[in-house]
Amino acid sequence: MKARLGTGGPTEVAAARHDEQLRQLRRDLVEQLWTGMRLIALIGVPVSLSRYFITGWTSVYSVHVGVGLFTLIVAACRRWLPFDVLAIAFLCLLWTVGLPGVVAFGLSASSIWWLVLSSFVASTLYSVRVGVYLALATGLVMGIVGLGFITGSLTPPMDVSRYHAEPTAWMTLLLVTGAFAFLLLKTLGSHQRAVYQLLGRVRVQRDEVRDLYDHAPCGYQSLDAQGRIVKVNLTALRWLGYTEKELLGRAFADVLTAESQLLFSPAFSDFVMGGDTLDLELDLRRKDGSSIPVLLSASALRDSDGRFRMSRATMFDISDRRQLENELRRLARTDALTGLSNRHHFYAEATREIARARRRTLPLSVLLLDADHFKRINDRHGHAAGDQVLQALSGTLREVLREVDLPARLGGEEFAVLLPEVDIEDALAVGERLRDAIEQQQLVLESGATVRFTVSVGVSSLGAADPHIDELLRRADTALYEAKRQGRNRVIAEHPP
Ligand SMILES: Nc1nc2c(ncn2[C@@H]2O[C@H](COP(=O)(O)OP(=O)(O)OP(=O)(O)O)[C@@H](O)[C@H]2O)c(=O)[nH]1
């Protein structure tokens, strides 16, 4: 399990790319708004100037001309101004047009439009919350102005009826306001469309990522600092036989075998504390109790202070590998012809059992078996028939012996049997049972001929002075030699000195 500090995975990269795309869309929107405003100002400034001279309504038209010039300057400098300055300047512009209009012409004035539109713009540029705040501010200002008119503390400086009597005035106003509102809403609309398209693409990508995550050929899971599962994919769920609901929030150690828990728990603690690498082979425990071996490797997701946020792990099913390893291990300790333990495995097991017998002062015995006149069988029936005899002999050993006894082929036609917790008298009896069973056996060869054969058996037991299995085998060999010497097909014991 490898820990990488503050790394950004594909999901974070995709999220950052989408954020950047959204920011770019907002920058494009502000650009479009100022381009539109520049057009309106280019037409509006001369119109307002001419109306200034025709009507002499200095207060209204000087504001219009001022706003128009301000617009042209900001629009010209828009490339060098940051997003927020342009956005806030745009909102201020709407209020600079709207607010004096409301105060000058009363609440019936079309200027209210500009204030209302500022809420739309703010919610598009920033968020619905900002738009709502601006709408509340608009309502508040309307209330204050309205109260001022009602109480008489505010009197419109302009005579509205005079304005209404001038068709070119209200028609210009209507045209400018209408065109502006149309352009503005169109721009906001196309921006919203672009945002929805982006969101649609994000959703598709998110579904694709989710699909890849869920159906990957490996298991994925994420754990919090306490080792609880916070995320898991479908592959892992299928392996384990649980639903997502059953697993989320549960300790990962719960779905490990007891042996793997011992391995995982300390390793994960080190990992959380800042240990950097950790590769673990674990056995997952399925809901039905069976297990599945996996190779788990994880990276840590940490915050900028290096604090652990969660782990991200992949798990590969290594059942095939484990099976192969087990098979190799089995082959390494097995005799190819008979399937019994080989000499190497017999020695390893015998050494272990002798140590155990010494620790617990238990008896332990060894039998050494040798097929009698085996050369004759080979010579008479062929080597393949000799092999068949050795296999039959192995089968008898397996049948007659207990589960805990260990029969092995030491080589050629020589076999040994390790009898844990068996003293020399009982070992003699076991040897006798084996000898008898083999003598009774009649083997039908592939050629159709029948063969009977016998074995001689030497028995020895663990004595106080025996340092190693070699010593027991040496005594058993002496006994076997004696059995052969006395005419074969018999069991003889050599007692410890
Ligand atoms: N078929 C077969 N024969 C083997 C194998 N390993 C050894 N042999 C044969 O086993 C025979 C052993 O012969 P000997 O050591 O003379 O012993 P024996 O004929 O059994 O006589 P005693 O042990 O004195 O009763 C030899 O002919 C070996 O070639 C094997 O894996 N397969």
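For ligands, and for the atoms within them, numbers begin at 1 and follow the listed sequence. Note that the numbering runs from 1 along the sequence shown for the chain. Side-chain atoms are counted along with the backbone in the values below, which use heavy atoms only and exclude waters and symmetry mates.
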query = Near Glu20 CD, under 6.0 Å, is it more than 12 heavy atoms from other residues, nucleotides or ligands?
reply = yes

key: More than 12 heavy atoms from other groups under 6.0 Å of CZ on Arg452   =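 Counting neighbours around CZ of Arg452, more than 12 heavy atoms of other residues, nucleotides or ligands fall under 6.0 Å, so yes.
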
message = Between Asn233 (side chain only) and Tyr213 (backbone N and O only), is there a donor and an acceptor less than 3.5 Å apart?
response = yes

query = Do Glu446 side-chain atoms and Ala385 backbone N/O form a donor-acceptor pair below 3.5 Å?
reply = no

task = Would you tell me whether Glu482 and Gln486 have side-chain atoms, one donor and one acceptor, within less than 3.5 Å of each other?
result =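 Glu482 vs Gln486: donor-acceptor pair found between side chains.
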
query = Got the residues with a heavy atom under 4.0 Å of ligand 1, by chain and number?
reply =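 Its neighbours under 4.0 Å (heavy atoms only) are Asp370, Ala371, Asp372, His373, Phe374, Lys375, Asn378, His383, Gly386, Asp387, Leu390, Arg409, Gly412, Glu413, Lys484, Arg488, given by chain and number.
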
ask   = Do the side chains of Phe120 and Leu184 get nearer than 4.5 Å, heavy atoms only?
value =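 Answer no - side chains too far apart.
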
